[in-house]
Amino acid sequence: MTPRPSSSGPEPRKTTGKKTTGKKTAGKKTAKATEKPVAKKPVAKKAVAKKAVANKKGTQRTATKKTATQQAAPREAAAPPRAEAAVSPALDADDRERLLAGTHHDPHAVLGAHRVPGGVAFRAFRPYALAVTVLSGKLRVELHDDGDGFFSGLVPLGEVPLHRLLVAYEGTLQEVEDPYRFLPTLGELDLHLIGEGRHEQLWRALGAHPATHDGVAGTRFAVWAPNARGVRVAGGFNFWDGTGHPMRSLGSTGVWELFLPGVGAGELYKFEITRPDGSRTFRADPLARRTEVPPATSSVVHASEYTWGDEKWLAHRADAPAHEAPMSVYEVHLPSWRPGLTYRQLAEQLPAYVADLGFTHVELMPVAEHPFGGSWGYQVTGFYAPTARLGDPDDFKYLVDRLHRAGIGVLMDWVPAHFPRDDWALAEFDGRPLYEHSDPLRAAHPDWGTLEFDFGRREVRNFLVANAVYWCEEFHIDGLRVDAVASMLYLDYSREPGQWTPNEHGGRENLDAVAFLQEMNATLYRRVPGVVTVAEESTAWDGVTRATHHKGPSGFGGLGFGLKWNMGWMHDSLEYMGREPVHRTYHHGELTFSMVYAYSENYVLPISHDEVVHGKKSLVSKMPGDWWQQRANERAYLGYMWAHPGKQLLFMGQEFAQGAEWSEAHGPDWWLLDPEYGAAADHRGVRDLVRDLNTVYRATPALWRRDTHPSGFAWVVGDAADDNVLAFLRLDADGTPLLAVSNFAPVVRSGYRLGVPDDVPAWHEVLNTDAARYGGGDVLNPHPVKPDAQGWHGRPASIRLTLPPLATVWLRPA
């Protein structure tokens, strides 16, 4: 649970019903843009609305704009018919009580200006005010003080005029717009789509949006809270007391709305929600597009002013599907890559570094706002807001833009599986389970102490589907890596018998989550050309990357992802590499088994942050042997990984063989590359290898064109367990091959014979991880290698190579 800072607003104050006076404002800050002080005006005194206003006799000219209670205003205010009997303009006791208690569902129906028998009733709810005067053209009417912050007056006008309010507080006089004279800012189509759970740009309807409404500048607020008895807006503009700013409920959608004139970008706010039991809670906006810097928790009104410059990138992003294009990904935790840098400062360094190493993409660990930095961003509270730790949303756009201009795609970790229990965020948002499942067993995540989303509720699905679209449309994100998919798919995930209930078919599959993931993928691919979704799914679920309309053996349609992390390959290959070479002979299958299922999905080979933290050791430290052997093992492994079918992902720091585990507190050990450090050459050598791997990889279609098709791979030798040798061919669409050979033994193997196709006249070594410039022993094959007619490994020709110790070599046709 995160602490509430003073800037995030107070706990709800209790309303006693006693008369409030200006004395309660002593010591408060002056009002902000909502209520602009009028210069050189005398302080008004409390007074009863005078009957003399009738002397105006309805002759004042009034504006012709629409009001909240009528479709068209007259050109001129007219006196009411003589037959109408005047009524008291004061609110009845029930409306007063509901407004004071924060439980009024339609404050616009009773506040503002309304046509009534005898004229126009003006009503204002201004806690702490000394007096309120209505201004309309030359008309100036002081309202009667009805107590508890209510003011009213009856003016003998024939039509409702356009008006403003002159509000007197102790020490200041402010001329302001009346928020309760405006029509709703959400139309019928918005409300219909929200009710259906199909508003694909939900962020444009809900949240806080600076706008001009009926010619008046302000901010429109809207929030979904169907269980609330009432909702009010609180923020810096009303000194965190939302009493005077109740929102209206719009039909049966559960949406509450209010337009506040004068409130602009940069203002802090929260929603003050009255729960079904009458208690109150201050909540951050679920669709806030900007937040305070944690540990502060307020939402911030935001209006983007960013102008993009990545048109060229976007125009060609969809030229080839991701699984048929080169993709090598550099995974980055932005707050710790270079600790202390902002988004804009990162934009001056990260694109150049990634481009120099030749990676095609970066994957950013969750950037959505989160209260606890130690979660690395995986426990999200602000699903629509980039973390404010590094800058504002436009600053994050600048970083993405600069990466695109450098030719680098941007993937982002996305966390739709769960959310934390902080009492200012989504948990029991309006007093009852809303975003989480109503069944406590379904809601509580057993591993992380968080709450799981209710994927069966259409509004919750809409919140998440629109969120996926939001990041790709508003921030030009090129793909989403979806976290913890397995925890969503299974009802019994990390649960013991008796702690879960089977689905309607008696199975353990979460049918709601399946439907959500299918909808998310289908919507995103339809709306955003060239985007890719990547599943972190750790089981053998059938059809993760199959199209949603194609059913598999299990009877389910595919989930519709573009790619899936190959967790099996990662676990098996790291287990193998962690063994002493003498023992690897008995575990050779840990390297070859991946090819049994390599084409069951479209795979990414991930060496991610999860594998180099919390006692798992860094990549180089997982390797056996002395320092030379550890680096040689890592280099050989990277060479094998880049040649294996699938896309590559490498976490920051592993590209230069950092020995220590990653820590979000200080990030990679960049000092290892300092020329003044004695072993810097060792670390620079591994980084140079990564650069060359990416360079050759991108220039060799055989390594990526047919990643997802069996015709793109052929074994040369996969059973040389006694030698610790592995060799295979990667093939382009036209049959052009690349030969990859790995020797995971610490001995040189001279004249090692390998079977090859007989239509290649000579082979040329294009990469050798044992090269001296990488820190190796420089055991190379410097000259073209010609095959001879001796058949080997079931092939008509063969070549003899010198295999360096603990190394991988690549050869292409000379």
Using 4.0 Å as the upper bound for N to carboxylate O, is an ion pair formed by [Y] and [X]?
| X | Y | value |
| --- | --- | --- |
| Arg442 | Glu452 | no |
| Glu519 | Arg461 | yes |
| Arg204 | Glu474 | yes |
| Arg389 | Glu369 | yes |
| Asp707 | Lys647 | yes |
| Arg546 | Asp542 | yes |

Lys616 NZ: over 12 foreign heavy atoms closer than 6.0 Å: yes
Which pair of heavy atoms, one from [X] and one from [Y], lies closest together, and at what distance?
| X | Y | answer |
| --- | --- | --- |
| His370 | Pro294 | O-CG, 3.7 Å |
| Gly102 | Thr274 | O-OG1, 2.8 Å |
| Glu331 | Asp413 | OE2-OD2, 4.3 Å |
| Ile194 | Ala205 | CD1-CB, 4.2 Å |
| Val301 | Pro210 | CG1-CG, 3.5 Å |
| Asp422 | Ala427 | O-CB, 4.2 Å |

Looking only at the side chains, is there a donor atom on one of [X] and [Y] sitting less than 3.5 Å from an acceptor on the other?
| X | Y | answer |
| --- | --- | --- |
| Glu590 | Ser573 | no |
| Glu292 | Ser298 | yes |
| Asn467 | Trp414 | yes |

From CA spacing to verdict: side-chain contact (heavy atoms from CB on, under 4.5 Å), Met652, Tyr330: CA-CA 7 Å; Met652 63 184 195; Tyr330 184 61; 3.3 Å; yes
Can you measure from [atom1] ([X]) to [atom2] ([Y]) and round to the nearest 0.5 angstrom?
| X | Y | atom1 | atom2 | answer |
| --- | --- | --- | --- | --- |
| Tyr525 | Cys472 | OH | SG | 9.5 Å |
| Met365 | Leu334 | CE | CG | 9.5 Å |
| His209 | Leu206 | NE2 | CG | 7.5 Å |
| Asn510 | Arg508 | CG | CZ | 12.0 Å |
| Met567 | Met570 | CE | CE | 4.0 Å |
| Ile477 | Tyr470 | CD1 | OH | 10.5 Å |

Does [X] reach the main-chain N or O of [Y] with its side chain, forming a donor-acceptor pair under 3.5 Å?
| X | Y | value |
| --- | --- | --- |
| Asn503 | Glu509 | yes |
| Arg289 | Ala208 | yes |
| Asp492 | Arg495 | no |
| Arg283 | Asp423 | yes |
| Ser299 | Ala284 | no |
| Glu196 | Leu193 | no |

Would you mind reporting whether [Y] and [X] have side-chain heavy atoms less than 4.5 Å apart?
| X | Y | value |
| --- | --- | --- |
| Asp454 | Glu436 | no |
| Asp310 | Leu403 | no |
| Val531 | Asp478 | no |
| Trp471 | Pro386 | yes |
| Glu200 | Glu473 | no |
| Leu426 | Phe453 | yes |
| Pro184 | Arg248 | yes |
| Asp572 | Phe593 | yes |

Verdict with reasoning, Trp424 to Phe282, per side-chain contact (heavy atoms from CB on, under 4.5 Å): CA-CA 6 Å; Trp424 48 268; Phe282 277 86; over 6 Å; no
Full working for side chain to side chain donor-acceptor pair (under 3.5 Å) between Arg98 and His105: CA-CA 9 Å; Arg98 290 165 63 198; His105 75 285; 2.8 Å; yes
Ring pair (Phe, Tyr, Trp, His ring centres under 6.0 Å) assessment of Trp541 paired with Phe556: CA-CA 10 Å; Trp541 182 278; Phe556 289 104; 5.5 Å; yes
Close aromatic pair by centroid cut-off 6.0 Å: Trp662 and His333: yes
Ring centers of Phe463, Phe383 separated by less than 6.0 Å: yes
His571 vs Trp565, ring pair (Phe, Tyr, Trp, His ring centres under 6.0 Å): CA-CA, chis, key distance, verdict: CA-CA 11 Å; His571 286 297; Trp565 274 20; over 10 Å; no
Single hit among Thr548, Val514, Thr545, Val482 for side-chain contact (heavy atoms from CB on, under 4.5 Å) with Leu559: Val514
Just say parallel, tilted or perpendicular for the rings of [X] and [Y], cut-offs at 30° and 60°.
| X | Y | value |
| --- | --- | --- |
| Tyr269 | Phe221 | perpendicular |
| His609 | Trp376 | perpendicular |
| His476 | Trp308 | parallel |

Test side chain to side chain donor-acceptor pair (under 3.5 Å) applied to Tyr384 and Asp285, step by step: CA-CA 10 Å; Tyr384 284 78; Asp285 183 356; over 6 Å; no
Lys564 vs Val604, side-chain contact (heavy atoms from CB on, under 4.5 Å): CA-CA, chis, key distance, verdict: CA-CA 6 Å; Lys564 171 184 172 176; Val604 174; over 6 Å; no
Working for side-chain contact (heavy atoms from CB on, under 4.5 Å), residues Val528 and Arg317: CA-CA 10 Å; Val528 189; Arg317 182 171 64 178; 3.3 Å; yes
Cationic tip of Lys397 above Phe475 ring, under 6.0 Å, 45° of axis: yes
